[in-house]
Visitor: 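Just dropping this structure here.
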Amino acid sequence: MPQTEPHSAPEPSDRSPAAADAAAGPPPADCVECREPTAYPATTPGLVRCPVCEWQEAQRTACSG
């Protein structure tokens, strides 16, 4: 039987725009290979990749035995 939380999350209309912007944080960085958004903020130094390109790069550089 599914359990419900006693306290529901506030509706998006209940929040002020400033609070929503502060909670969102900086925009995500673009992947250096496919230009998809990454899990890293745009302020992250160096080359950042999305999860798919990160996994593919790990496969290319992995030792095969």
Visitor: Which pairs, with at least one residue in residues 36-47 and sequence neighbours excluded, count as a salt bridge (Lys or Arg N to Asp or Glu O under 4.0 Å)?
Guide: none
Visitor: Rest of the hydrophobic cluster containing Trp55 (Ile/Leu/Val/Met/Phe/Trp/Tyr, side-chain heavy atoms under 4.5 Å)?
Guide: none
Visitor: Mind checking side-chain hydrogen bond (donor to acceptor under 3.5 Å, both in side chains) for Gln56 and listing every partner two or more places apart, or none if nothing turns up?
Guide: none
Visitor: Among all residues two or more places apart in sequence or in another chain, which pass the salt bridge (Lys or Arg N to Asp or Glu O under 4.0 Å) test with Arg35?
Guide: none
Visitor: Work out which heavy atom in Cys50 is nearest to a heavy atom in Pro37; give both atom names and the distance.
Guide: CB-O, 4.0 Å
Visitor: Go through the steps for Val32 and Arg49 under the test side-chain contact (heavy atoms from CB on, under 4.5 Å), then give the verdict.
Guide: CA-CA 6 Å; Val32 296; Arg49 293 182 174 89; 4.1 Å; yes
Visitor: Mind listing the side-chain donor-acceptor pairs of residues 39-48 below 3.5 Å, one per line with the distance, residues two or more places apart or on another chain?
Guide:
unit_1	atom_1	unit_2	atom_2	d
Tyr40	OH	Glu54	OE2	3.3
Thr44	OG1	Pro41	O	2.9

Visitor: Within the distance-only criterion (no hydrogens, no angle test), does the side chain of Thr38 pair as donor or acceptor with the backbone N or O of Ala29 below 3.5 angstrom?
Guide: yes
